[in-house]
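Below is one structure, written out as C-alpha cells; comments come after it.
Keep in mind that this is a model prediction, so the values were computed, not measured.
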Amino acid sequence: MSKNKLSTIQSFIKKEIVLVISFVLALISCFFVPISKEYVSYIDLRVLTLLFCLMLIVAGFRSIGFFYVLANKLFKFSHTIRSTACVFVMMCFFGSMFITNDVSLILFVPFSIFVLKEQLSSKLFIFLVILETIAANLGSMLTPIGNPQNLYIYSRYNFTISQFVMIMLPYTLAAFVLLLACSLLFPSDSISGLRRLDDSMEQPRNIVASYVVYTVLFVLVLTTIARITPYYISLIVCLVAVVVNDRKLLSQVDYSLIMTFVFFFVLVGNMKHIPAINDYITSVLQGHELGTSIIASQFISNVPAAILLSSFTNKAKLLLIGVNIGGLGTMIASMASLISYKFYAKEKGSKILSYFLWFTLFNIAFLAVLVGVYIITF
C-alpha cells in the first residue's frame, strides 16, 4: 500500500473515529448473530429519514446566509464585550433547539472567533468558546430536533412534543440561568470596532424564493415529527425540492452520522439476541438508568449511549435526561464538543492544555448543577 493511500486511510479514521468503531463493532456482532432478513427490522427508517431531511433543510438555510443575517441583526443591540459575548452564547443555546447542537457550533463559533478574538484575553477567549459549546449542548436538550439522540428517543418511545418539552424544560431553564450568570464574567467595556461579515454574504441570489422553500420544508418535517405526515412523504418532497432548488446541498449532508446510526442499530439489534450480553446490560440498567446513561455518555458519547441503552430499558424519561445532561463532562461525551475544540485549536496562540482543563472544570460544574435539578424535581 502506498504512503498516500495509507495516509488517506489514517486521516479518514481520525476524522470519522465513531463511524469506524461503530462499523467494527457491528461487524463483530454479525459473527455471533448470523445475517438474516431480521436485520432489516433493526433499522429505524423514520429516524434516519428525519435526520436526513433536517440536515438538508439546515444546509439550505445556511447556503442563503440566513443565520449570518440573523446574527448581524442581533448585534445592533450589542455595545459591550459582555453583551456581544452573551449574544453569541445565546445564539448557540437557542439556535441548537432548531438546527442541532453540531450545526449551531459550526455556524457561530467561527463567527465569534472572527468578531471577538481581538477583543478578549486568551483566558476569556477560551471561556467564550467553552460557554458556546455548553450552550449548544444544553439548549439542544429542549426539542426533539435539537440533537440526534433526542430525535431517536422521541421516535423510539413515541413521546408527544409537549411531553418531551416538559420533561426537559427544568434542565433547560436551569442551564439558561447558569449561562447568563457566566456571561457576567465578561468585561462590560465598550467594544471597539465590532467586526461584521461582508454584506455580500447577506445577499445570496434568490434569497426570498429559497427562504420560502426551506421554511415550507421545515414545517413539513415538523408535521412528520408530530406524526401527522408520513416520513416517506417528507423525504420525497425534500429531495425533489432540493434537487430543483439547489442540488449541491445533497453533498452537505453528514452521511457518516447516518451510517453511524445504521451500524449502531445493527450492533444493538444483535446484542439483544446474545443472552449473556442482554441479561448483563439489563441488570446494570435496572434502577440506575440515569447514572448509567450519564456514565456511558462519558466514554462512548451520548448518541451511541442512547441507541445502545434504549433497547434494554423502558424508563424513557430517565434515559432522555441522562444522555442529555450526560453530554456534559468529557470532551467526547457530546461529539459536538469536538467541533468547537477544533475551531479553537487551529487558532494561532491557542493553549490546548488550558482549554482542556477549563472545559472539564466547567462541564463538571454544569453537570453537578443539573444532577441537583434532577434530585430536586424528579
Pair Asn245, Ser210 - check side-chain contact (heavy atoms from CB on, under 4.5 Å), show working.
CA-CA 7 Å; Asn245 196 62; Ser210 296; 3.5 Å; yes
Tyr171 vs Asn324, test: side-chain contact (heavy atoms from CB on, under 4.5 Å). Steps then yes/no.
CA-CA 10 Å; Tyr171 306 94; Asn324 272 290; over 6 Å; no
Could you walk me through whether Leu328 and Phe362 pass the side-chain contact (heavy atoms from CB on, under 4.5 Å) test, one step at a time?
CA-CA 9 Å; Leu328 297 166; Phe362 274 97; over 6 Å; no
Decide yes or no on side-chain contact (heavy atoms from CB on, under 4.5 Å) for Cys238 and Ile57, but give the supporting numbers first.
CA-CA 8 Å; Cys238 283; Ile57 294 165; 4.3 Å; yes
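Ring geometry for Phe359 versus Tyr355: interplanar angle under 30°, hence parallel rather than tilted (30 to 60°). Note: Phe66 and Phe61 have tilted aromatic rings, judged against thresholds of 30 and 60 degrees for the angle between ring planes. Note: Phe164 and Tyr154 have perpendicular aromatic rings, judged against thresholds of 30 and 60 degrees for the angle between ring planes.
Between the side chain of Arg156 and the main chain of Ser310, a donor-acceptor pair closer than 3.5 Å is present. Not a single donor-acceptor pair under 3.5 Å links the side chain of Ser350 to the backbone N or O of Lys346. Remark: the backbone N or O of Ser83 is paired with a side-chain donor or acceptor of Thr80 at under 3.5 angstrom. Without hydrogens or angle criteria, Asn150 side chain to Pro144 main chain gives no donor-acceptor distance under 3.5 Å. Remark: side-chain polar atoms of Gln298 are paired, donor with acceptor, to backbone N or O of Gly326 under 3.5 angstrom. With Asn101 contributing its side chain and Ala136 its backbone, the two residues share no donor-acceptor pair below 3.5 Å. Within the 3.5 Å criterion, the main-chain N or O of Cys92 finds a donor-acceptor partner in the side chain of Ser96. Remark: the backbone N or O of Met271 is not paired with any side-chain donor or acceptor of His273 at under 3.5 angstrom. A side-chain donor-acceptor contact under 3.5 Å links Glu289 to the backbone of Gly287. Checked by atom type and distance alone, the side chain of Thr224 never pairs as donor or acceptor with a backbone atom of Tyr231 at under 3.5 Å.
Rounding to the nearest 0.5 angstrom, the gap separating the CG atom in Leu320 from the NZ atom in Lys315 is 14.5 Å. In this structure, CG in Leu217 is found 10.5 Å from CG in Leu54, a value given to the nearest 0.5 Å. Between the CG atom of Leu257 and the CG atom of Leu48 there is a distance of 9.0 Å, given to the nearest 0.5 Å. In this structure, CD1 in Ile325 is found 9.0 Å from OH in Tyr374, a value given to the nearest 0.5 Å. One distance of note links CG of Asn363 with CD1 of Ile134; it measures 4.5 Å at 0.5 Å rounding. Atom CZ of Phe23 is separated from atom CD1 of Ile28 by 10.0 Å, given to the nearest 0.5 angstrom.
Summarising the local packing, NZ of Lys351 is surrounded by 12 or fewer heavy atoms from other residues, nucleotides or ligands at distances under 6.0 Å. Summarising the local packing, CD of Glu347 is surrounded by more than 12 heavy atoms from other residues, nucleotides or ligands at distances under 6.0 Å. Atom OH of Tyr42 has more than 12 neighbouring heavy atoms from other residues, nucleotides or ligands inside a 6.0 Å radius. Counting heavy-atom neighbours within 6.0 Å of Tyr255 OH, excluding the residue itself, gives a total above 12.
Between Phe186 and Leu131, some side-chain heavy-atom pair lies under the 4.5 Å cut-off. Using a 4.5 Å heavy-atom threshold, the side chains of Lys317 and Tyr157 count as separate. The closest side-chain heavy-atom distance from Phe159 to Ile167 is below 4.5 Å. Put simply, the side chain of Leu19 reaches to within 4.5 Å of the side chain of Phe12, judged on heavy atoms. Inter-residue side-chain proximity for Val216 and Val212 is flagged as met; some heavy-atom pair is nearer than 4.5 Å. Put simply, the side chain of Val58 does not reach to within 4.5 Å of the side chain of Thr100, judged on heavy atoms. Counting only heavy atoms from C-beta outward, the side chains of Val89 and Leu128 approach each other to under 4.5 Å. You'll find the side chain of Val33 stays beyond 4.5 Å of the side chain of Glu38, heavy atoms only.
Checked against a 6.0 Å centroid threshold, the rings of Phe265 and Tyr152 count as neighbours. Checked against the 6.0 Å centroid criterion, the rings of Tyr344 and Phe125 qualify as a close aromatic pair.
Side-chain atoms of Ser337 and Asn137 form a donor-acceptor pair, as typed in the model, at a separation below 3.5 Å. Counting only N and O atoms by type, the side chains of Ser340 and Glu132 include no donor and acceptor under 3.5 Å apart. For the 3.5 Å distance criterion, the side chains of Thr223 and Thr229 qualify, holding a donor opposite an acceptor.
Here the closest heavy-atom approach between residue Leu105 and residue Ala336 is recorded as CD1-O, 3.3 Å. Closest non-hydrogen pair, Met168 versus Met141, comes out as CG-O, 3.3 Å. Scanning all heavy atoms of the two residues, the minimum distance from Met97 to Gly139 falls at CG-O, 3.0 Å. In terms of heavy-atom proximity, Ile294 sits nearest to Val371 at CD1-CG2, 4.3 Å.
Ile35 and Leu27 fall within a single hydrophobic cluster, where Ile, Leu, Val, Met, Phe, Trp and Tyr are joined by side-chain heavy atoms under 4.5 Å apart, directly or via other members. Both Leu235 and Val243 belong to a common hydrophobic cluster when Ile, Leu, Val, Met, Phe, Trp and Tyr are linked at side-chain heavy-atom distances under 4.5 angstrom. Linking ILVMFWY side-chain heavy atoms closer than 4.5 Å, directly or via other members, places Ile364 and Phe127 in two distinct hydrophobic clusters. A single hydrophobic cluster is not seen to contain both Val219 and Ile228; linkage of ILVMFWY side chains at heavy-atom distances under 4.5 Å, directly or through other members, places them apart. Transitive grouping of hydrophobic side chains (ILVMFWY, heavy atoms separated by less than 4.5 Å) brings Ile375 and Leu138 into a common cluster.
Ion pair Asp246/Lys248 flagged as a salt bridge, since at least one NZ, NE, NH1 or NH2 atom sits closer than 4.0 Å to an Asp/Glu carboxylate oxygen.
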